[in-house]
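Step one of this worksheet: look at the structure below.
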Amino acid sequence: MSMSKEQAVEVARLEAEAQAKAAKHVANMLARPDQLEKVHQLTWRVSRKKASVEAMLKTAMQSQLDGVRTGLNQLEKALLDISDIKTCMADMEDALGGVGEYWESLREVREENLRHSQLATAKENLKHIFTVPETVAKTELWIEDGKLLAAHQSLVDLENSRDDLLFELHRLGHNNTRDRDLLKEYFEAVNDLSSKMEKQLGFILMRTFATVRKNPRELVTALRIIEREERSDEDCVAKQKQTGFLPPGRPKRWRDVCMAKLGESVEHKMEGNQLEGRDENKMWLVRHLEVIRMLMLEDLRIAKHHLAPVFPPRYNISQHCISLYHRVVATRLQDIIEEGLEGQEYVSLLQWVLTTYPGPELMGSNALGLEKNLIPPLLTDTAVGRLTGSYLANMRDNYASWMTNTIRQEKEDWCSDRDPDMDFDGFFHTSSPVIIYQMVDENLQVSATISPELVYKVLLLGIEQVTRYGLMYRSAIQEYKASYFRERSSLSLFTRYMIAIINNCDRFEVLSQEMKSRWWKPGHHDNDGAGKFELLLKTFQEIRLESVNYLLDEAFLDIEAYFSDLLTAKWQSGSQAIDTICATLNDYFEDYQFLKPTNFELVISVAQDRVARKYITAMLQNNLLRRKITFNSQEERKSAATKIRTEAAQCKSFFKDVAGSMADFDSPFDTVSTLAEVLSSDDEMLSLELGTLCKRYPDVSHEQIFCLLLLRGDLARGDAKQLTAEFVAEGGTANRTLHARSILTQVNVTSSMTDKLNPFAS
């Protein structure tokens with residue numbers, strides 16, 4: 001084969017490159033003189049390598065040539081085969097050329113053969129044709145006597161005779177239906193027999209769980225007949241695909257029919273075991289669910305240990321019964337829910353669905369041996385959510401009713417002539433905190449038998465409702481206080497019941513913390529729950545503080561007039577106002593012995609703040625109803641300041657004596673003494689004393705310093721205002737940064753002469 005010009009040029013180029021590479025390779029190998037001695041070895045090595053490469057090339061070439069030779073031989077053989085096939089096809093076409101003529105000439109033979117086939121079929125079934133009424137009667141008797149196998153065999157013979165005759169008519173291929181209708185009418189009783197057999201089998205399957213223990217042979221017989229009919233259905237359907245003929249009544253699908261009967265029997269069993277209604281027994285639902293549990297567990301145990309050996313494996317009867325009961329019971333519970341639940345019925349149903357059903361008492365029983373993760377939920381999450389929501393709504397309504405009754409009873413106790421209850425430590429209280437938290441705890445205990453998720457929801461609802469009760473409690477307390485101050489003689493035990501109320505608030509906080517420690521699971525609650533709990537505590541803390549003020553309003557109403565005498569001419573001439581105030585408060589504090597220690601300490605703290613606040617207000621505030629004393633000399637100011645310090649020390653000592661071992665607090669009367677120092681200072685020391693006041697009490701206001709300077713009487717209004725501005729800007733305080741708040745924060749004064757202070761203002 002000659003090469004083209006381009007190919008020759010390419011080969012020449014490749015040879016030149018190979019020679020150049022070879023020359024370079026040889027030059028590298030002989031670069032040093034000592035390598036010349038190895039020329040012989042190098043030549044021998046190259047020769048061996050060349051021989052090896054040539055051998056590989058020859059082998060590859062030989063393999064390619066062998067493949068080409070084999071392919072050529074196969075092509076030659078295929079060509080010969082094609083030629084032979086072509087010849088045979090031509091011979092077949094010549095031989096079949098005259099078949100059409102023979103087809104027409106053999107028409108009569110074909111028709112005669114068809115008639116012969118029909119007559120042969122009729123002859124074979126003559127026995128059944130002439131004995132149909134007798135056979136039908138005998139078969140009916142066997143069905144009634146329970147001889148189902150014999151009855152079924154007779155039924156099969158009758159059906160086969162009918163189907164064979166109908167098939168022969170089908171083969172005729174004409175549309176005359178007269179013969180077909182005649183045959184169907186003649187064998188009409190066979191259809192009735194089939195229906196009776198179907199009903200009998202369905203009746204046996206409906207009593208499956210009882211039959212398998214009492215008469216398993218009867219159940220096995222029914223299953224054998226059903227399996228035979230299933231195979232007959234399959235054969236008829238297959239024959240229909242081939243011939244287009246389907247016998248009457250096929251496919252019967254007796255397996256589906258009988259299994260549906262089994263399902264109906266389970267439905268009737270679940271619906272029919274309700275022994276009573278709500279009107280007859282409040283525990284009707286509990287009893288109904290317990291009967292369902294007992295029946296279901298027993299039947300599933302029977303299905304596993306008794307039905308499984310009897311039914312064919314492909315029925316998977318044990319799993320079928322589990323699915324059947326699951327569906328039927330779920331439907332029954334949905335019906336109960338739609339009919340409406342009341343009270344504890346929500347709890348009973350939720351507990352049964354979420355705990356009893358998947359638990360060891362039913363589906364998780366060792367007798368069934370089911371894996372826990374394979375037990376499906378009885379109700380969907382949506383249905384459980386709706387049921388839970390209804391349960392919580394019902395619980396919310398119950399809370400509203402209970403709390404309304406509790407508040408009403410509480411109000412009746414407040415207005416009665418009986419002393420409040422007293423605990424073992426001798427402190428007054430009422431029963432409302434225990435009643436309220438007993439409600440909450442009972443609901444939590446019930447929800448704990450259902451699921452942790454429900455416990456969380458019930459806990460949040462309880463927190464919300466107790467907070468709501470706190471608002472109702474606050475409103476009732478305000479009405480009680482207003483009623484008392486309208487007519488103090490109408491409520492003789494106001495003081496004692498206010499003490500009980502204050503102790504109740506403390507009890508609410510303690511019970512709330514106990515509830516939290518018992519039911520609050522770390523990591524299970526969100527920020528919303530924590531916020532609601534803090535709101536609950538805050539609500540009763542605020543009610544306690546408000547109640548403390550209501551309690552003290554009674555005492556301060558008796559001593560209010562004595563505060564009006566402070567820093568007046570009467571006071572300067574030797575008034576005993578502070579002695580009277582302390583003595584009166586001491587009498588009231590003796591009644592406060594029924595307060596718990598923490599509450600008594602709070603009352604003392606609030607009382608001394610209120611006394612100090614009123615004293616400072618009397619020092620700084622002028623109004624048209626009360627004219628303060630006017631100082632004309634430094635000696636008068638010093639004398640007044642000395643008396644103020646003495647009275648401040650007297651008040652401080654009084655409250656410490658009353659507090660006893662609880663007297664661990666900063667006295668607000670130290671502030672009164674500091675103000676007295678400013679009042680008594682001379683002109684040279686005034687700025688220093690004001691600086692000390694602002695440093696010690698950063699919350700002192702511009703108006704307070706201004707009024708204090710006006711009280712001195714030695715500064716004009718303009719000079720006092722200018723001096724005040726040097727220490728505190730108008731409308732501000734001495735220091736705007738964060739600092740501890742003193743009693744001065746609670747004192748509101750103004751330099752106007754026309755202001756009138758409410759004696760009950762905080």
Side-chain angles (χ1 to χ4, degrees), residues 148-149 152 197-234 237 251-273 289 291-336 352-353 356-380 383:
L148 299 183
L149 285 178
H152 183 254
M197 178 66 75
E198 178 183 326
K199 291 180 181 178
Q200 186 65 23
L201 296 177
F203 180 71
I204 294 174
L205 265 294
M206 287 184 71
R207 298 184 295 109
T208 296
F209 295 101
T211 303
V212 74
R213 289 181 293 180
K214 296 179 180 179
N215 189 8
R217 180 177 296 179
E218 183 180 15
L219 182 59
V220 172
T221 298
L223 292 173
R224 289 176 63 187
I225 294 173
I226 292 172
E227 285 299 289
R228 291 176 183 177
E229 289 297 332
E230 285 291 300
R231 288 193 293 271
S232 297
D233 283 346
E234 294 175 359
V237 172
K252 294 183 178 181
R253 298 187 176 90
W254 278 6
R255 175 186 173 184
D256 295 340
V257 173
C258 292
M259 296 306 288
K261 291 292 183 181
L262 175 61
E264 290 179 11
S265 70
V266 172
E267 291 177 2
H268 295 157
K269 187 183 297 186
M270 292 298 100
E271 294 175 0
N273 64 42
L289 293 175
V291 174
I292 289 177
R293 185 196 68 80
M294 294 171 61
L295 291 176
M296 184 175 177
L297 180 61
E298 179 63 17
D299 285 353
L300 292 183
R301 188 188 63 80
I302 292 173
K304 179 179 180 180
H305 298 288
H306 296 278
L307 295 185
V310 173
F311 277 76
R314 68 191 184 96
Y315 280 66
N316 194 13
I317 189 62
S318 180
Q319 185 60 44
H320 176 79
C321 289
I322 291 175
S323 301
L324 174 62
Y325 264 98
H326 178 81
R327 175 177 57 81
V328 171
V329 173
T331 303
R332 176 60 184 152
L333 295 185
Q334 286 287 4
D335 293 341
I336 292 175
W352 201 88
V353 168
T356 302
Y357 181 80
E361 298 177 353
L362 188 50
M363 300 299 283
S365 173
N366 294 330
L368 301 182
L370 298 177
E371 295 185 18
K372 188 174 182 179
N373 58 342
L374 298 180
I375 300 175
L378 189 57
L379 298 179
T380 63

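Computed from heavy atoms alone, side chains included, the values below leave out hydrogens, waters and symmetry copies. Note that the coordinates shown come from a computational prediction; the quantities given were computed from them, not determined experimentally.
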Step-by-step side-chain contact (heavy atoms from CB on, under 4.5 Å) determination, T211 to F203: CA-CA 11 Å; T211 303; F203 180 71; over 6 Å; no
By salt bridge (charged side-chain N to carboxylate O under 4.0 Å, His left out) - contacts of R332 (at least two apart):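 Applying salt bridge (charged side-chain N to carboxylate O under 4.0 Å, His left out) to R332 gives none.
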Rounded to the nearest 0.5 Å, how far apart are [atom1] of [X] and [atom2] of [Y]?
X	Y	atom1	atom2	value
R253	I226	CZ	CD1	15.0 Å
I336	Q334	CD1	CD	10.0 Å
T221	R224	OG1	CZ	6.5 Å
L201	H152	CG	NE2	8.0 Å
L223	L205	CG	CG	6.5 Å
T208	I317	OG1	CD1	7.0 Å

Flag side-chain contact, heavy atom, 4.5 Å: [X] against [Y]:
X	Y	answer
L219	P216	no
R255	Y315	yes
R228	L149	yes
W254	I225	yes
V212	I302	yes

Heavy-atom donor-acceptor pair, N273 side chain to K269 backbone, under 3.5 Å: yes
R293 side chain vs E361 backbone, donor-acceptor pair below 3.5 Å: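 It does hold such a pair.
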Nearest atoms (heavy-atom pairs only) where L262 meets H320: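 Answer, listing the atom of L262 first, then H320: CD2-CD2, 4.4 Å.
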Exceeds 12 heavy-atom contacts within 6.0 angstrom, atom CZ of R314: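 For R314, atom CZ is crowded (more than 12 foreign heavy atoms under 6.0 Å).
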Got a salt bridge between [X] and [Y], using NZ or NE/NH1/NH2 to carboxylate O under 4.0 Å?
X	Y	value
K252	E229	yes
E198	K261	no
R231	E234	no

CA sep, side-chain torsions, deciding dist, call: L368, L297, side-chain contact (heavy atoms from CB on, under 4.5 Å): CA-CA 8 Å; L368 301 182; L297 180 61; 4.1 Å; yes
Verdict with supporting geometry, W352 and I292, side-chain contact (heavy atoms from CB on, under 4.5 Å): CA-CA 11 Å; W352 201 88; I292 289 177; 4.0 Å; yes
Show me, pair by pair, the donor-acceptor contacts under 3.5 angstrom made by side chains of residues 321-331, not counting sequence neighbours?
residue: S323; atom: OG; partner: Q319; partner atom: O; Å: 3.1
residue: Y325; atom: OH; partner: D299; partner atom: OD2; Å: 2.2
residue: H326; atom: ND1; partner: Y357; partner atom: OH; Å: 2.7
residue: H326; atom: NE2; partner: P377; partner atom: O; Å: 3.4
residue: T331; atom: OG1; partner: R327; partner atom: O; Å: 2.9

